2 protein chains.
Amino acid sequence: MATVSALGYALLCALHRGPLTGYDLVQRMAKPIGYYWTARQSQIYPELARLSAAGLIEHDAEDGPGPRQRKTHRLTAAGRETLAAWLVEPPAPRAPRDEAVLKTYALAAADPDRMREFYLAEAEAYQRRLDDFRAQHAELRSRNGDDPAHPQFGAYATLELAVLSTPVRIQWCRWMAERMAELGRRRAR
Amino acid sequence: MATVSALGYALLCALHRGPLTGYDLVQRMAKPIGYYWTARQSQIYPELARLSAAGLIEHDAEDGPGPRQRKTHRLTAAGRETLAAWLVEPPAPRAPRDEAVLKTYALAAADPDRMREFYLAEAEAYQRRLDDFRAQHAELRSRNGDDPAHPQFGAYATLELAVLSTPVRIQWCRWMAERMAELGRRRAR
DNA sequence: TGGGACTATGTCAAAAATGACATAGCAATG
DNA sequence: CATTGCTATGTCATTTTTGACATAGTCCCA
């Protein structure tokens, strides 16, 4: 049994609803799946070759725009089984690398007024993302994506989490901005 | 100006409140800072050497337990300045790699009953982490860490976010488990 | 008709991260 | 008195990820 990397599983996940080209996968790793798992094309193409060698995906080819052939990849029966087995396994606890929180830990080393601006900018950035999430969430719901039996329910559920958790983050950023303002006023006296 | 990696800044952050040995940093990257930034010792020791070469940290040495000297690292004035300048800069948007959410995207490829167990296990794991967060949060508050002027306020603020956002995650996991149960019942009919 | 964006596939070097190995004193536990 | 765990520092090979380069057809807009 060939061992599959996390990236490999991410590609199998992306392919679970139907065939896609490498280019399609690059797009998905940027936008919908990219919210919780990303990869560059320089990772994706070699990984597709590995999955293919392991017999988990297959493709057919036709003439494409560039000098190479356009390949449409799909899961094999083995790929679908491997994916299904992995899905139900408890995830290995991963490191959540959050730069804004890291900066918060050391915030005493920076100027409170500058940090206040930092948190306000963060809040705005998350607000824009939230608007995006809400739009997609509503769009999917209008097409019955909120039905657990609907093939898009998985995508809907990831947006549900985004729509629930992003406001908490915004709230925290605003709270931080308030604390920094308070500290600035106290320092000024 | 030597460019500093994200890991380098993480170490500068960890050192902002006072000198630490490499071993101390390894511990911090596992427990308090590790909740939002992690690194293994095999990364930390070489990075300390780089920061030292760049003049951002310095150390004094005494005889230690093993065959090598024990070194206590602290920020230099240049290190403190570099850190302060970095803190107020808006973070480069990072990929949040969340395996459980990735699995959710492809959940249609798995058995609903097994997925229900998956989300219940996730909820429990997050509940345990929340208990831990709440204990540390309360502990810091009891020592005035909730005062923005207190040197520990940065650490307190990171826990504040954890205490706010983890319940949302647990709620979502339970909601997912419910959806999976519903789907299982429907499939059974 | 020229320039830019989009489709599409890949390679390469470099940097970052992981997991395992290596060394050694000191303290506690059984 | 042997084993285990903790302090403490480092190396090494391998894997993963990043960022840049390379190629080429089509479509759209000015």
Side-chain angles (χ1 to χ4, degrees), chain A residues 2-11 14 19-31 33-34 36-54 57 59-73 91-99 102, chain B residues 2-11 14 19-31 33-34 36-54 57 59-73 92-97 99 102:
Chain A
T3 60
V4 180
S5 68
L7 170 63
Y9 284 116
L11 296 181
L20 295 170
T21 67
Y23 187 77
D24 292 332
L25 288 165
V26 172
Q27 312 307 307
R28 297 245 180 340
M29 288 298 168
K31 199 64 191 287
I33 298 180
Y36 40 89
W37 204 276
T38 45
R40 310 299 175 91
Q41 60 163 45
S42 55
Q43 263 187 292
I44 291 171
Y45 285 104
E47 186 63 32
L48 283 171
R50 271 189 290 271
L51 291 173
S52 208
I57 61 174
H59 65 261
D60 37 38
E62 42 178 328
D63 285 343
R68 296 193 186 85
Q69 290 211 295
R70 174 194 146 101
K71 293 170 189 168
T72 305
H73 305 271
R94 264 232 161 214
R97 311 246 156 132
D98 190 321
E99 202 176 295
L102 176 60
Chain B
T3 60
V4 180
S5 68
L7 170 63
Y9 284 116
L11 296 181
L20 295 170
T21 67
Y23 187 77
D24 292 332
L25 288 164
V26 172
Q27 312 308 305
R28 298 251 180 332
M29 288 299 170
K31 199 64 190 291
I33 299 181
Y36 40 88
W37 205 276
T38 45
R40 310 299 176 92
Q41 62 162 42
S42 54
Q43 264 187 291
I44 291 170
Y45 285 104
E47 187 61 36
L48 283 172
R50 273 190 290 272
L51 292 173
S52 207
I57 60 173
H59 65 263
D60 37 38
E62 42 177 330
D63 284 341
R68 297 193 187 85
Q69 289 211 295
R70 174 193 145 101
K71 294 171 188 166
T72 305
H73 305 270
R94 265 233 160 214
R97 311 244 157 136
E99 203 175 296
L102 176 60

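Every value quoted in this text rests on a predicted model; they were computed, and no experiment measured them. Just so it is clear: chains get the letters A, B, ... in the order the sequence lines come, proteins before strands, and each one is counted from 1.
- Going from atom CD of B:E62 over to atom C1' of D:dT9 covers 13 Å, rounded to whole Å.
- Contacts of A:Q41 with the nucleic acid, taken as non-hydrogen atoms under 4.0 Å apart, include base atoms.
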Can you pull every protein N or O that's under 3.5 Å from an N or O on nucleotides 14-16 of chain D?
none

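- Distance B:Y45 OH to C:dT18 P: 17 Å, rounded to the nearest Å.
- Distance CH2 (A:W37) to P (D:dT18): 11 Å, rounded to an integer number of Å.
- Side-chain atoms of B:S42 stay outside donor-acceptor range of the base of D:dG10, with no qualifying N/O pair under 3.5 Å.
- The interatomic distance linking A:H73 (NE2) with C:dG10 (C1') rounds to 11 Å, in whole Å.
- B:P19 approaches B:T72 most closely through the heavy-atom pair CB-CG2, 3.5 Å.
- A straight line from CG of B:L11 to C1' of D:dT9 spans 15 Å, rounded to a whole angstrom.
- Nearest to the side chain of A:P65, among D:dA24, D:dT11, C:dA24, sits D:dA24.
- Of the candidates D:dT17, C:dT9, D:dG19, the closest approach to any side-chain atom of A:L7 belongs to D:dT17.
- Taking each heavy atom of B:G8 and B:L51 in turn, the nearest pair found is O-CD1, 3.8 Å.
- What you find for B:G34 and A:P96 is that their closest heavy atoms are O-CD, 4.1 Å.
- Taking 4.5 Å as the limit, some side-chain heavy atom of A:Q69 sits within range of a side-chain heavy atom of A:D63.
- One can place CG of A:D60 at 12 Å from P of C:dT9, the figure rounded to the nearest angstrom.
- Going from atom CG of A:L20 over to atom P of C:dT9 covers 11 Å, rounded to whole Å.
- Closest approach of B:V26 to B:Y45, counting heavy atoms only: CG2-CE1, 4.4 Å.
- Here the nucleotide nearest the side chain of A:R68, chosen from D:dG10, D:dG19, D:dA22, is D:dA22.
- Going from atom OH of B:Y23 over to atom C1' of C:dA24 covers 14 Å, rounded to whole Å.
- Considering every non-hydrogen atom in both A:A39 and A:M29, the closest pair reads O-CB, 3.7 Å.
- Comparing A:P67 and B:L48 along DNA chain D, the residue whose closest nucleotide (by nearest heavy atom) sits nearer the 5' end is B:L48.
- Partner A:H73 forms a side chain to side chain contact (heavy atoms under 4.5 Å, CB included) with one of A:L48, A:L20, A:D24 and no other, that one being A:L48.
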